[in-house]
Amino acid sequence: MKQVSPIFKREFLGYFRSPVAYVFLVAFLVMSVSLAFSRYGGFFKGGVAGMESYFGFFPWLLLFIVPAVGMRLWSEEKRSGTVELLFTLPITTLEAVLGKFLAGWAFLTLAILLSFPMALTVAWLGRPDWGIVVSTYLGAILMAGGYLGVCALTSALTKNQVISFVLSLGACAILLFLGFSSFTATLEGFLPIAAADALANFSFITHFDAFTKGVIDPKDVVFFLSLMGFTLFLNVVALER
Amino acid sequence: MIEVTGLVKTYGNKRAVDGVSFSVKRGEILGFLGPNGAGKSTTMKMITGFVRPDAGTATVDGVNIATDPVAVKRKLGYLPESAPAYGEMSVEEFLGFIAEVRGFRAADAKRTQVDRAIRLTQLASVRRQTIETLSKGYKQRVGFAQALLHDPPVLVLDEPTDGLDPNQKIEVRNLIKSMAVEKAVILSTHILEEVDAICTRVIIISQGKIVADETPAALRARSPGARLDEIFRSLTRSDT
């Protein structure tokens with residue numbers, strides 16, 4: 001497993017060797033903050049010293065933002081031929097998959113944590129419940145990892161980044177929509193109720209909601225971690241086939 | 001050092017490599033010759049563990065690529081066709097990454113290996129330049145530097161002189177020749193003079209099968225007086 005670190009390092013620094021990282025970080029922060037201050041976010045109107053108005057959009061925002069980070073993970077290597085270089089170096093597929101995934105996750109974590117001025121603003125305006133703030137950050141980071149696992153997998157299936165992006169977006173959207181009663185009601189139309197209920201448990205929104213209320217339920221943590229584990233396993237399989 | 005027995009690879013309904021067997025000893029430079037699409041690159045990809053063969057085995061220094069791929073990859077230096085590299089990195093950063101993956105983690109060990117590879121391939125003048133801004137010849141040399149960075153006992157080079165100017169070709173050939181004394185080298189090429197210049201043995205491959213495996217002198221003796229490319233044409237004519 002010690003081969004994970006050079007892969008991680010190269011991939012993580014790779015974001016900053018091109019304008020990708022800076023464009024991404026700025027776009028993400030501008031979008032997330034302006035949504036919070038918009039009439040839909042209602043940061044001021046809510047009159048609450050909390051970050052709900054900021055994180056409320058996260059499941060939606062990450063739906064678009066994470067595929068933008070994840071689409072290149074493997075597609076780019078396949079397109080440029082470096083995948084041949086990578087897999088003739090003395091590393092296992094698992095080490096490569098982990099190194100690249102963790103680098104992407106660390107980058108997303110950085111993007112999420114860079115919203116700290118929001119937290120400082122809230123602290124200056126009122127007295128937020130720091131427990132809730134911390135648990136929400138944790139939930140957001142875990143949710144980003146869940147999305148990224150899906151995106152890394154779809155990226156390993158194609159060398160075309162556009163296809164990779166669209167596939168990721170589709171897969172992530174399903175995981176998001178499973179939380180809406182209208183969507184699950186449609187599922188119940190042609191699936192047994194038990195199956196539809198089981199599927200609804202895979203929704204990102206329901207699992208993320210608990211974190212925004214200050215509840216760190218092991219069930220939710222395990223959900224995101226096992227989703228990451230499962231998608232990374234499939235990622236290894238997809239690359240080795 | 002390299003033992004290849006009965007390698008087979010099929011893509012769709014085309015048999016790219018059809019029962020290729022040969023061996024390469026230490027000190028030998030094996031030239032891999034054949035028309036485009038004859039199966040040269042696919043064979044090399046199977047030896048280096050990038051492509052899994054449908055049948056047959058390849059062993060490097062007694063280690064089977066199928067059972068312990070990581071151990072084989074440690075012994076190998078591989079230059080893939082058209083020398084892929086991470087374009088956004090500088091030459092130094094890229095070779096540093098390869099050094100770390102190759103186990104040279106300590107700063108001074110890493111530096112020694114990177115400097116040595118840069119010196120051998122004469123990349124000093126561009127070491128801080130990003131790879132995507134380099135000319136084809138330099139990119140090729142970066143790929144070469146990456147392959148010999150850890151001083152491997154076995155070198156597999158897919159068209160190592162492709163895209164180089166005549167002077168650079170001669171330099172690279174001299175470098176391969178000087179290193180081959182204690183290594184086993186396989187190189188693929190289109191250039192027949194290259195075979196004459198450096199190879200101790202030639203394998204001609206056509207439609208996935210070996211049609212000749214001998215020394216360059218023996219190949220010439222097949223039809224005395226004929227040029228090498230005439231012999232090559234007569235052996236691979238069916239491949240068009």
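Here is the naming used below: chain letters follow the sequence lines, and residue numbers restart at 1 for every chain. This one's a predicted model, so the numbers in the text were calculated from it and none came from an experiment.
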Visitor: Counting neighbours of CZ on A:F57 that are heavy atoms of other residues, nucleotides or ligands and sit closer than 6.0 Å, is the number greater than 12?
Guide: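 Correct, the count exceeds 12.
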Visitor: Around atom CZ of A:F16, are there more than 12 heavy atoms of other residues, nucleotides or ligands at under 6.0 Å?
Guide: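 Check passes, neighbour count above 12.
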Visitor: Compare every heavy atom of A:Q3 with every heavy atom of B:V101, then report the nearest pair and how far apart it is.
Guide: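 Distance-wise, the nearest heavy atoms are O-NE2, 2.8 Å.
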Visitor: Would you call B:E93-A:K9 a salt bridge at under 4.0 Å N-O?
Guide: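 Result for this pair is no, no salt bridge flagged.
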Visitor: So which part of B:K45 gets closer than 4.5 Å to some heavy atom of chain A, the side chain, the backbone, both or neither?
Guide: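 Looking at B:K45, just its side chain touches chain A.
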Visitor: Considering all heavy atoms of both residues, which atom of B:R105 and which atom of A:P6 are nearest to each other, and what is their separation?
Guide: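 Between these two residues, the closest heavy atoms are NH2-CG, 3.4 Å.
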Visitor: Among A:L86, A:L85, A:I91, which has the most heavy-atom pairs under 4.5 Å with chain B?
Guide: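 If we count pairs closer than 4.5 Å to chain B, A:L85 comes out on top.
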Visitor: What's the spacing between A:T88 OG1 and B:I47 CD1 if we round to 0.5 Å?
Guide: 13.0 Å
Visitor: For B:I98, is it the side chain, the backbone, both or neither that has a heavy atom under 4.5 Å from a heavy atom of chain A?
Guide: side chain
Visitor: What distance separates B:F50 CZ from A:L89 CG, expressed to the nearest 0.5 Å?
Guide: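 B:F50 CZ to A:L89 CG: 11.5 Å, rounded to 0.5 Å.
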Visitor: Just wondering, are more than 12 heavy atoms of other shown residues or ligands nearer than 6.0 Å to CZ in A:F233?
Guide: no
Visitor: Examine whether an atom of A:I7 lies under 4.5 Å from a heavy atom of chain B, and if so say whether it belongs to the side chain, the backbone or both; otherwise answer neither.
Guide: both
Visitor: Within a strict 4.5 Å, meaning less than it, do heavy atoms of the B:M89 and A:R10 side chains meet?
Guide: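 Yes, side chains in contact.
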Visitor: Check whether any side-chain heavy atom of A:L13 sits under 4.5 Å from a side-chain heavy atom of B:F97, and report yes or no.
Guide: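 The answer is no; the side chains never approach within 4.5 Å.
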Visitor: In Å, rounded to the nearest 0.5 Å, how long is the span from OG1 of A:T92 to NZ of B:K73?
Guide: 9.0 Å
Visitor: Which residues in residues 73-84 of chain A have any heavy atom closer than 4.5 Å to a heavy atom of chain B?
Guide: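 At a heavy-atom separation under 4.5 Å, chain B is reached by A:E77, A:S80, A:G81, A:T82, A:V83, A:E84.
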